[in-house]
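The next block holds one structure in the form of structure tokens; read it before the comments.
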Amino acid sequence: MIKEKIISDLKSCMKFLKLEYNENFTVETPKNTDHGDLSTNIALVSSKLNRANPRIIAEKIAEKLVKKRDYKKVEVAGPGFVNFTLANSILHAALQTIVSTPNYGASDFGKKEKILIEFISANPTGPLNIVSARAAAYGDTLCRIMNYVGFHAIREFYINDAGNQVDILAESLELRFREILGENIGEFPLEAYHGEYVKELAHLLNSTEGSKLLHFPEKDRLERIKKFALKEIHSMQVNSLTKFDVNFDSWVSERALRSQGILEEALSYLAEKGYTYESEEAVWFASSQLGDEKDRVLIKSDGNPTYLVPDIAYHLTKFQRGHQTLIDVLGPDHHGYVPRLKAAINALGYDENALEVVFLQQVNLFEDGEQVKMSKRAGKIVTMDELIDDVGKDAARFFFINRKPSAHLNFDLELAKKKSSENPVFYCQYAYARISSIIEKAENENITITTEDINLKLLRKLNKPNELLLIKKMISLGAVLNLIAEKREPHHLAEYTHELATMFHKYYQKHKVVTKKSRDTTKARLYLISAVKKILAITFDLMGISAPEKM
RNA sequence: GCGCCAGUAGCUCAGUUGGAUAGAGCAUCGGCCUUCUAAGCCGAGGGUCUGGGGUUCGAAUCCCUACUGGCGUGCCA
């Protein structure tokens, strides 16, 4: 709001000075605090239009605007920047807004745009792994933030429960089952699933179905086993996600799509538009006409569809359900696959730009300075559950959110477990707990603040540089959240939270909140830190981590 | 070969889309507890933003190029 005010002040000022201005000028928070609270390049970008030296234009603007009561200082610097320092009163009024606004930082920025965020979408063939955990933290946090700033975003999990992998799972499970019943199964096949969970499932299968299962004909038997495994593993995955505070709004099963005939529907649309042809006994998608590097097979020569068909069909349903923007969160090994999917979206008559793909890079776990090897084959994957049990939900979520998605993530297990300042999660939560403890102390001394107490006159007590910095930081929350939503980069929130916590810790060190000197000062400061507490609670909630009153 | 992503302090990473003296955390070194939680704070050292060109008032950021690393390039999913 303050930024908008400066923009309008600048525009009317330029009009008053009879100067042209380039609409592309910006008003930004400078990195260097010596350059004021907000800074504009309007004189620089408008110098050509007026055939005048940017510095001279800047001087004129500053001279005019410095008279306004809202600005403590308006200065010209460098080649022609105009730097504004805000008056304390504006900041105090903003502080009141922070405390009185229920969801501070929320907005209608997203204009209710319908967004579908698809993430994890792991094969239902085993426990969720570390990469899934990263995707979970990323997708869930992004979704929370987007909804907070006015988007209509939902989380969706696509269950690949119809492919080859699921058949192998059923076969693996049957072997383990037979093993339990005392059969000699020989060497366990290399391509089968080796994880311990398969053995556990086999025991469960034995206790629910028992040996009568073997009397079924092979096809029925495997189908029964498959259904059982899918159900169990699904609930296993849901369980892990729930522990991680990730709740999907929607689950879509590939098997269900197939049985509803969506695949045929998608294929017939493609054929209708003339994008399919037959060759070498297979049906091809002419995706190279639509930007893909070559054509792709849709129906294999054996008559079965490739994985591309259900994927196209699935994305078709996303559009049919009315979503305007589709965000797919995928692993790095899928990037070759995006052009063909976009080609399909195009062929189906939708806008390919509606599909945005975020690639999450891999996660490397480190312990004792050494990388923890993960091998699927040996069944030694470190699972999401193990990670949560080991370092806790808060640390895991924070560490995952802390990095931008396109960067490889080195996850230091020891650091995440440390309960000290080295660990950024505890650092942030500690700030929150400290505030709680101060407020409690004040209450014990019968000092409480009520809305009637607080007015601009009282808030004048807040004039220390650290106090003003805290208010400015809190004001910027909305802009940070909008930026995150727009760029799909929740890692800025972890950064923001850490910075706010730092400012509070510094303030705490330098100034006593509950001070004997002045009751008014105490009240004003309590008001300030309760605002910080509120903002921290908001960011914690958006990141899905807890806000501890005591530590 | 072609395509995508990345290369910033000893390490892990930010850098608000082209702004002013490139920033954090960890690690290292030196200080601060009779005072609301020291799970904290203050200070110091540490940089050819991978190299080279270009675009302009201005480049870590945009373009070209070379190098290095990761991944992709199936009638696998």
Side-chain angles (χ1 to χ4, degrees), chain A residues 26 28-32 34-35 39 41 44-45 47-48 54 77-81 83 123 125 160 162-166 254 279-284 293-294 296-308 310-311 331-339 359 361-362 366 369 402-404 406-412 415 418-427 429-431 433-442 444-445 476 479-480 482-484 486-487 489 491-492 494-496 498-499 501-502 504-516 522 525-526 529 550-551:
Chain A
T26 58
E28 278 171 356
T29 311
K31 286 177 209 161
N32 189 332
D34 293 344
H35 297 139
S39 174
N41 62 356
L44 288 166
V45 296
S47 69
K48 273 184 193 160
F81 291 101
N83 298 334
N123 284 333
T125 52
N160 290 131
N164 225 336
Q165 301 304 315
V166 189
E254 184 184 340
S279 171
E280 301 166 58
E281 293 176 25
V283 177
W284 293 71
E293 55 184 43
K294 58 182 172 188
R296 309 289 170 177
V297 171
L298 291 170
I299 307 290
K300 296 186 271 188
S301 50
D302 68 3
N304 287 314
T306 61
Y307 70 96
L308 187 57
D311 277 359
D333 48 337
H334 284 79
H335 64 69
Y337 142 101
V338 174
F359 293 106
Q361 292 295 325
Q362 66 189 79
F366 283 84
N402 205 12
R403 298 267 175 274
K404 68 176 167 198
S406 58
H408 286 249
L409 179 72
N410 289 331
F411 196 112
D412 185 336
L415 180 60
K418 265 189 194 157
K419 300 197 186 320
S420 75
S421 63
E422 298 150 54
N423 184 341
V425 193
F426 281 85
Y427 183 85
Q429 290 179 323
Y430 184 43
R434 262 186 162 170
I435 295 174
S436 306
S437 136
I438 297 170
I439 292 173
E440 192 185 305
K441 180 191 157 76
N444 291 340
E445 296 181 17
S476 69
V480 171
N482 290 352
L483 179 81
I484 291 169
E486 194 178 0
K487 295 181 68 180
E489 290 187 339
H491 71 275
H492 294 296
E495 222 175 301
Y496 173 87
H498 195 268
E499 283 165 5
T502 302
F504 170 74
H505 285 308
K506 286 185 180 180
Y507 176 59
Y508 170 90
Q509 208 70 31
K510 201 157 180 184
H511 302 289
K512 284 207 77 165
V513 173
V514 181
T515 167
K516 298 266 185 317
T522 299
R525 288 181 177 175
L526 277 173
I529 65 164
K550 276 197 163 36
M551 283 175 82

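Worth saying up front: this structure is predicted, and the values here are computed from it rather than measured. Just so it is clear: chains get the letters A, B, ... in the order the sequence lines come, proteins before strands, and each one is counted from 1.
- Residue contacts for A:Lys404: at a heavy-atom cut-off of 4.0 Å it reaches the sugar-phosphate backbone alone, with no base atom in range.
- Counting only heavy atoms from C-beta on, A:Ser301 has its side chain closest to B:rC75 among B:rC41, B:rC75, B:rA20.
- Nucleic acid contact for A:Glu293: sugar-phosphate only, since backbone atoms but no base atoms lie under 4.0 Å from a heavy atom of the residue.
- On the C1' atoms, B:rC33 is 38 Å away from B:rU16, given to the nearest whole Å.
- Between A:Arg434 and the options A:Lys550, A:His505, A:Gln429, A:Met551, a side-chain contact (heavy atoms from CB on, under 4.5 Å) holds for only A:His505.
- A:Glu28 places its CD atom 8 Å from the C1' atom of B:rG19, with the value rounded to the nearest Å.
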TODO: Would you give a per-nucleotide map of nucleotides 32-37 of chain B, 5' to 3', where B means the base has a protein non-hydrogen atom under 4.0 Å away, S means only the sugar-phosphate does, and - means neither?
DONE: ---SBB
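- Residue contacts shown for A:Gln165 are absent, as no nucleic acid heavy atom lies under 4.0 Å away.
- Counting to the nearest Å, the P atom of B:rG72 and the NZ atom of A:Lys294 are 14 Å from each other.
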Open item on the list: Let me check I have this right: for RNA chain B, each base becomes ., (, ), [, ] or |, based on Watson-Crick or G-U pairs with both distances under 3.5 Å. What is the full string?
Closed with: (((((((..((((.....[...)))).(((((.......))))).....(((((..]....))))))))))))....
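- If you take CD of A:Glu486 and P of B:rU17, they are 10 Å apart, rounded to a whole angstrom.
- Looking at A:Thr306, its side chain has no donor and acceptor atom pair within 3.5 Å of the base of B:rA77.
- Among the heavy atoms of the strands lying under 4.0 Å from A:Asn83 is at least one base atom, whether or not backbone atoms are also near.
- At whole-Å resolution of the value, NE2 in A:His334 and P in B:rC5 are 17 Å apart.
- Residue A:Glu489 places its side chain closer to B:rG15 than to any other of B:rA24, B:rG15, B:rU73.
- Closest approach to the A:Ala282 side chain among B:rU17, B:rC75, B:rA77 is made by B:rC75 (side chain taken as heavy atoms from C-beta onward).
- Across the protein-nucleic acid pair, A:His492 atom NE2 and B:rA14 atom P stand 9 Å apart, rounded to whole Å.
- For A:Asn123, taking side-chain heavy atoms from C-beta onward, the closest of the listed nucleotides B:rC13, B:rC41, B:rA77 is B:rA77.
- Applying the 6.0 Å contact sphere to CD of A:Glu281 captures no more than 12 heavy atoms from other residues, nucleotides or ligands.
- Here the side chain of A:Thr515 pairs no donor or acceptor atom with the backbone of A:Thr522 at under 3.5 angstrom.
- On a pure distance criterion of 3.5 Å, no polar donor-acceptor pair joins the side chain of A:Asn402 and the base of B:rA14.
- B:rC75 atom C1' lies 7 Å from atom CH2 of A:Trp284, rounded to whole Å.
- Considering only side-chain N and O atoms, A:His505 lies nowhere under 4.0 angstrom from the phosphate OP1 or OP2 of B:rC42.
- Nucleotide B:rC76 holds its P atom 10 Å from the CG atom of A:Asn304, rounded to whole Å.
- What separates NE2 of A:His498 from C1' of B:rC26 is a distance of 10 Å, to the nearest Å.
- Taking every side-chain heavy atom of A:Arg403 into account, B:rU12 is the closest of B:rU17, B:rU12, B:rC76.
- In summary, the side chains of A:Tyr337 and A:Asp311 do present a donor paired with an acceptor at a separation below 3.5 Å, with no hydrogens or angles considered.
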